[in-house]
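Worksheet: one structure, shown below.
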Protein chains: 2
Amino acid sequence: MKEHSAAEEKGILTAHLAKNRLKRSEPREAILDVFLRSDHHVSVDELLRLVQKRRRDIGRTTVYRALKVFQQAGLAHELVLDGENRYERAYKRGHHDHFICNSCGSIFEFTSAEIEAIQERHAHRIGFKIEGHRHQVYGQCQSCVGKGPRRTRR
Amino acid sequence: MKEHSAAEEKGILTAHLAKNRLKRSEPREAILDVFLRSDHHVSVDELLRLVQKRRRDIGRTTVYRALKVFQQAGLAHELVLDGENRYERAYKRGHHDHFICNSCGSIFEFTSAEIEAIQERHAHRIGFKIEGHRHQVYGQCQSCVGKGPRRTRR
DNA sequence: ATGGTTGCAAAGTCTTTGCAACTAT
DNA sequence: ATAGTTGCAAAGACTTTGCAACCAT
């Protein structure tokens, strides 16, 4: 299920660092590594935990800062959820929206050019220039349907 | 631009209180009053400020608690934005989504049965049972276009 | 009287920032 | 040497909770 090699994304990071006169660092590279290997939609907590399996000395702050750099480099995209944010790979991945299970929390992606088009039409109607959007659909995923909701949002 | 009388919503609150063995209270009624009069999409801060114009002794906590009750009574709907949440009237208002200006912060509503239908189709495809959704489109509103973004999200 | 309601202060979450030590260039 | 990077602790922003006093029923 890999869209492309992680090596490619590491190159992107290096280029971004060069372009912005930033320096490379082991912790940040370890974080990128883990981020790329991780399932999509990791939270900071999860990512930190995964990173610390490899390097116990890496702190939470560094993860936050690394994610910020990844976003600027176009490698990560932030998903603003209710309490916490999650991060997904962004490099060479088209825009997509999400189904989020209220019971188990799992996330499914979907894309719809139609929706984008309709959105654009509505925007045009009121002279609104779209710069981005956030579209999250909540409910019960296939394997949780019938068991009733267990994870209530705040 | 009033969809219906505020009195109707006050009745709903009273009914909700009765049904749940809750008691009426002046502060909560004052908050509902101000909430109904306010422009849609108020933040807790704004609502508190408005409420305190009338009754300086009402505290922020009470506003939070009142909004929770209003939501349970179906009178208010919470809009989860980036840093803070906003609240809008929910009684007898159909579902709708939002355009949010990155510059001035103003919010415009839009409805699209088509989008809902497409969403439903995608959900059905993966056996997902939709319970709700959050669809926010960010960009520049008509009067801010051309001035460039000034209000950057966190 | 009983039990919901209120304001305040304190505690909670998640995220960012100040700072001194450290490290890449 | 110069300037970015790191971890920790502290600070921030927003929201919730504990508690004693208060008020509706």
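Chain A is the first sequence line, chain B the second, and so forth, proteins listed ahead of strands; every chain is numbered from 1.
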Just the rounded figure in Å: distance from P of C:dG4 to CZ of B:R21.
9 Å

Write down the atom of B:H98, the atom of B:F110, and the distance for their closest heavy-atom approach.
N-CE2, 3.7 Å

Where each residue is assigned the nucleotide of DNA chain C containing its nearest heavy atom, which of B:R28 and A:V44 is assigned the position nearer the 5′ end?
B:R28

Distance, rounded to the nearest Å, where A:L47 contributes CG and C:dT15 contributes P
12 Å

Among D:dT6, C:dC14, D:dC14, find the nucleotide with the atom closest to the side chain of B:E84.
D:dC14

Which atom pairs, donor and acceptor, lie under 3.5 Å between side-chain atoms of residues 122-129 of chain A and protein residues at least two apart or in another chain?
none

Can you tell me if A:Q136 and B:H135 form a side-chain donor-acceptor pair at under 3.5 Å?
no

Could you tell me how far apart B:E29 (CD) and C:dG4 (P) are, to the nearest whole angstrom?
18 Å

Taking every heavy atom of A:F35 against every heavy atom of A:Y87, the minimum-distance pair comes out as CE1-O, 3.8 Å

Measure NZ/A:K68 against P/C:dC14 and give the value in whole Å, please.
16 Å

Within residues 49-57 of chain B: residues closer than 4.0 Å to DNA chain C (heavy atoms):
B:D57

Protein-nucleotide distance (B:L13, atom CG; C:dT5, atom C1'), rounded to Å
13 Å

How close or far is atom P of C:dC8 from atom CG of B:L48, stated in whole angstroms?
10 Å

Heavy-atom distance under 4.5 Å between the side chains of B:H96 and B:E88, does that happen here?
yes

With sequence neighbours excluded, tell me which residues meet side chain to side chain donor-acceptor pair (under 3.5 Å) with A:E120.
none

Can a side chain N or O of A:N85 be found less than 4.0 Å away from OP1 or OP2 on C:dT15?
yes

Taking all heavy atoms of A:R93 and all of A:R89, pick out the closest pair and write down the distance.
CD-O, 3.3 Å

Residues which pass side chain to side chain contact (heavy atoms under 4.5 Å, CB included) with B:R37, listed by chain and number, not counting sequence neighbours:
B:D33, B:R54

Upstream residue (5' side of DNA chain D) when B:Y87 and A:I58 are each assigned their closest nucleotide:
A:I58

D:dT16 OP1/OP2 closer than 4.0 Å to side-chain N/O of B:Y64:
no

Which parts of nucleotides 18-25 of chain D does protein reach within less than 4.0 Å, heavy atoms only, written one letter per nucleotide 5' to 3' as B for base, S for sugar-phosphate only and - for none?
B-----BS

Distance check needed: D:dT15 P versus B:R86 CZ, whole Å only.
11 Å

For A:R21, side chain to side chain contact (heavy atoms under 4.5 Å, CB included) partners two or more places apart:
none

When the distance from CG of A:L67 to P of D:dT6 is rounded to whole Å, what number comes out?
12 Å

